[in-house]
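Comments concern the structure below.
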Protein chains: 2
Amino acid sequence: MLTDRQMMILRMIVDNYVLSAEPVGSRTISKQTDLGLSAATIRNEMADLEELGYLEQPHTSAGRIPSQMGYRFYVDHLLMGDTRVSGQEISRIKSLFTERIGEMERVAQQTALFLSNLTQYTAVVLGPQVYDTTLKNLQLVALNDHTAVLLMVTSSGQVYNRTVSMPEGISLHEMESLVQVLNARLAGTLMYRIRSRALEEITHELTRHMRDYEEAVHLLDQVVTWLETDQEGKVYLGGATNMLLQPEFRDVHKAQPVLTWLERHHDVMEALRGAESALQLQVRIGGENDVQSLHDCSLITATYSVGGLPVGVIGLIGPTRMDYARVIPLLGHLSKGLSELLTKFYVS
Amino acid sequence: MLTDRQMMILRMIVDNYVLSAEPVGSRTISKQTDLGLSAATIRNEMADLEELGYLEQPHTSAGRIPSQMGYRFYVDHLLMGDTRVSGQEISRIKSLFTERIGEMERVAQQTALFLSNLTQYTAVVLGPQVYDTTLKNLQLVALNDHTAVLLMVTSSGQVYNRTVSMPEGISLHEMESLVQVLNARLAGTLMYRIRSRALEEITHELTRHMRDYEEAVHLLDQVVTWLETDQEGKVYLGGATNMLLQPEFRDVHKAQPVLTWLERHHDVMEALRGAESALQLQVRIGGENDVQSLHDCSLITATYSVGGLPVGVIGLIGPTRMDYARVIPLLGHLSKGLSELLTKFYVS
DNA sequence: GTTAGCACTCGATGCGATCGAGTGCTAACA
DNA sequence: TGTTAGCACTCGATCGCATCGAGTGCTAAC
């Protein structure tokens, strides 16, 4: 285990490196500390910390930088009660969430932008995916003789829609009555059960009412596929180009993989969805990320919830040299505020 | 006016520079041309072309690169009938548009991705904004006692939705009947007239049916604001990070402004909306762009239409050194294909 | 009008000297 | 035993300088 002094030095090295992005030397620490220790003493301690794996040396005559393990220790043991979020920031968060909201998704986008502006990192918000939402309403709105829009409203106020073209052999009228029956039968069904229930009901109805079974199956296919793909929720990015502000990504070849990865929303979603089921707040440093492109980044995630049930994730991506002390409590406040807002709004 | 030989040389310089991204020397041209001209002759012509403003010299002992004016001449006069799109590419475009589509917006996103993959530039597709669409359907779906979702379906199959919370003093029931009346009165109205018509009708109904006028105006506000913001259409990006592949943007400080600009969807939309009303196909080279961040880029736009009416824009953004010869006809094919698909789908 | 020849320009590349921040080690000190 | 001053050493960064070569402009000859 580390001595108190070692912890203090590690902490100071991380704090300094986070700000300067340059290796921290023993003199710097010696001058900043008020324990009156000379640079030589610090050097000895630093050598020990390096041997233990908490520090690294870019090259022989450079200062030290924290290793991945060093950051991990810092986050796990040196941050308790360390809240470097200013009162002003907290009140900005509050005011962000006191605005009247139009829809869940708009709030998600707003949050991503807000967070990225505040931190100069890249923010990712995973749109709410409420598992215990039920189907409120299913409707078909005809556009013309062979085209219609199918609408689905959930109890959490999300709206899914898809334009469908009628196959030959099925009239709009037949389809409308089918949807009406489905609406009556499926309303109140949990969303994640919709697919299987819909399959049952549709095949049931089809065999009863429809003449052209083959074609109808095709339409059924469209709708079911749609249910699968759209329910995944959306990814909202904020400040993707903030990545380029960080000195460690000033080289295009370093930045490109990360930015390209961020463009693949589906992959981003997958990476964050994992965090949802885990702890309320999670920090993944460098190589701790499964995703190869994020090996030089840290990903901090916080889940937000409605009525106590986790429904989405707020994430922040930056270099491993992240300002954890500021950013972690910030994310905590943000997820808490978002949860409260959504809960107030959707739990009647 | 330029002589035939000058045009030929200009054309070869552009073609070479587009591929290599490096200044083109007289020897290179001399070897490639089959007219049997020596490097010295080419040099003389190049000096003339520079004096005329079509070429530039990065420094004294370097080859020449096309000036903005040079690109302009190339695009305007040297590209006629020059189609460098392969048959394979054309068939890929066709197959892209033969898939069954779920909704307009999905096609827009697909097109952006496809185009950026094909060209290694950044593609932007401006979602369809159909001016002569009418309102099909307006509905209110209640979520709980004080929250509801307002749905709006247009004749082109677009769905707008917004969650609204009932102000104190207005019951859900009152609201429902108001929406029903509105639906009956507004169905068939042209979308861009919706706002004013809705204002008329709502105030009319309000004074007739509702007790608490003040609060209702607030709700009205929500809805009207929503109509204004959501109808703008959306921007779909493809391959924003492709920008980083171009040698002229290998320096982060060059790339950052462009990427940041691309993140501001609203600004992108504004820039492209302008192109919509203009020509069918438009090329803006470097400083010809109004947007400061695009002064080192070229923006090529093509409008697509439904039933002959322009509804959206496909754009391609790259360095001024763009492969115009390939990209311009490509955009032409793409916008044509998209127009045909949408027309077939939405014009009954 | 075209071309060969040639001096000239100027960025790119490579090399060596210098600089300085920071280290590790040793010996002395409390 | 822990701390510190002193000192030699390391190594990236920076600068100056020589070299190289692609490409030019000009002149004179064809």
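Within every chain, numbering begins at 1; the chains are lettered A, B, ... in the order of the sequence lines, protein sequences first and strands thereafter.
- The side chain of B:Thr41 contributes an N or O atom lying less than 4.0 Å from OP1 or OP2 of C:dT3.
- We find that CD1 of A:Ile29 is positioned 18 Å from C1' of D:dT4, with the value rounded to whole Å.
- In this structure, a donor-acceptor pair under 3.5 Å is present between the side chains of B:Asp15 and B:Tyr74.
- Contact annotation: the side chain of B:Thr119 approaches that of B:Arg326 to within less than 4.5 Å [non-hydrogen atoms, C-beta and beyond].
- If you take CD of B:Glu45 and C1' of C:dT3, they are 14 Å apart, rounded to a whole angstrom.
- With contacts defined as side-chain heavy-atom distances shorter than 4.5 Å, the pair A:Leu115/A:Leu331 qualifies.
- In the region residues 245-253 of chain A, proximity to DNA chain D at under 4.0 angstrom, judged on heavy atoms, holds for none of the residues.
- Salt bridge absent: A:Asp4 and A:Arg11 never bring a charged side-chain N and a carboxylate O closer than 4.0 Å.
- Looking at A:Lys254 and A:Glu248, no side-chain N of the basic residue comes within less than 4.0 Å of a carboxylate O on the acidic one, giving no salt bridge.
- Remark: the backbone N or O of A:Phe249 is not paired with any side-chain donor or acceptor of A:Gln246 at under 3.5 angstrom.
- In a base pair of the Watson-Crick type (N1 to N3 plus N6-O4 or O6-N4) or a G-U wobble (N1-O2 and O6-N3), with each distance short of 3.5 Å, D:dC30 is matched with C:dG1.
- A:Thr303 is not listed as a side-chain neighbour of A:Leu281, based on a closest heavy-atom distance of 4.5 Å or more.
- Residues B:Tyr71 and B:Met322 form no side-chain contact, since every pair of their non-hydrogen atoms from C-beta on lies 4.5 Å or further apart.
- B:Thr33 places no side-chain N or O within 3.5 Å of a backbone atom of B:Ile29 that could act as its donor or acceptor partner.
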Polar atom pairs between nucleotides 27-30 of chain C and protein, under 3.5 Å, N or O only, would you list them?
none

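- Classification of A:Glu56 and A:Arg64 as a salt-bridged pair fails, no side-chain N sitting under 4.0 Å from a carboxylate O.
- Judged by distance alone, with hydrogens and angles left aside, the side-chain atoms of A:Asn289 form a donor-acceptor pair with the main-chain N or O of A:Cys297 at under 3.5 Å.
- In this structure, D:dT24 and C:dA7 make a Watson-Crick or G-U wobble pair, each of the two defining distances being under 3.5 angstrom.
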Task: Nucleic acid footprint by protein, nucleotides 12-30 of chain D - heavy-atom cut-off 4.0 Å, B for base, S for sugar-phosphate alone - done: S---------BSBB-----
